[in-house]
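Remember, it's a predicted structure, so these values are computed and weren't measured experimentally. Position 1 is the first residue of the sequence, and the numbers go up from there.
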Amino acid sequence: MTRLASCFVAVSEHLHFGRAAEQLGMSQPALSQAIRQLETVLRCQLFIRSGSGVTLTRDGETALMRARTLIRPSRTSWPPAIERFRCSGSPTRFPKSLLLHSFNGCNQ
């Protein structure tokens, strides 16, 4: 799941699938598929796609802040981030459950 978050952040920063794919060292179709997979898992549309690039949706903006926190944590923010996204009563499996729980609410 961290791979999906990294793909999402790259597309968000470039606002272009081709340039993001180049940065990530992967093909554009593979990157598009990864983003669609993430959108399916999160049950929200992250980007508005056009011929000239993409723009973030409101859900995408919310998800971007959370994804950046997860893939680029600082040494001081990491333990609190894990606790903040832990499901009460169930163990946290890192990184998949942490990523999924961090995106909760992006489609509200």
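Counting only residues at least two apart or on different chains, no salt bridge (Lys or Arg N to Asp or Glu O under 4.0 Å) pair has a member in residues 21-33. Under the side-chain hydrogen bond (donor to acceptor under 3.5 Å, both in side chains) criterion, the residue pairs touching residues 12-21 are E13-R72, H14-Q23, with sequence neighbours excluded. For the side-chain hydrogen bond (donor to acceptor under 3.5 Å, both in side chains) condition, the pairs that include at least one residue of residues 25-42, sequence neighbours left out, are E39-R49.
Here SG of C44 is found 12.5 Å from CZ of R58. Values are rounded to the nearest 0.5 Å. Going from atom CZ of F47 over to atom CG of L64 covers 7.5 Å, rounded to the nearest 0.5 Å. With rounding to the nearest 0.5 angstrom, the OG1 atom of T55 is 9.0 Å from the CD atom of E61. Taking CG from L42 and OG1 from T62, the interatomic distance works out to 11.5 Å, rounded to the nearest 0.5 Å. Note that CG of L70 is 9.5 Å distant from OG1 of T2, once rounded to the nearest 0.5 Å.
Transitive grouping of hydrophobic side chains (ILVMFWY, heavy atoms separated by less than 4.5 Å) brings L15 and L31 into a common cluster.
Between V11 and I35 the shortest side-chain heavy-atom distance falls below 4.5 Å. Side-chain contact between I48 and T57 is present, with heavy atoms from C-beta onward closer than 4.5 Å. A heavy-atom distance below 4.5 Å is found between the side chains of F8 and L56.
Nearest heavy atoms, A63 versus L46: CB-CD2, 3.9 Å. Closest heavy-atom contact between L24 and S6: CD2-O, 4.3 Å.
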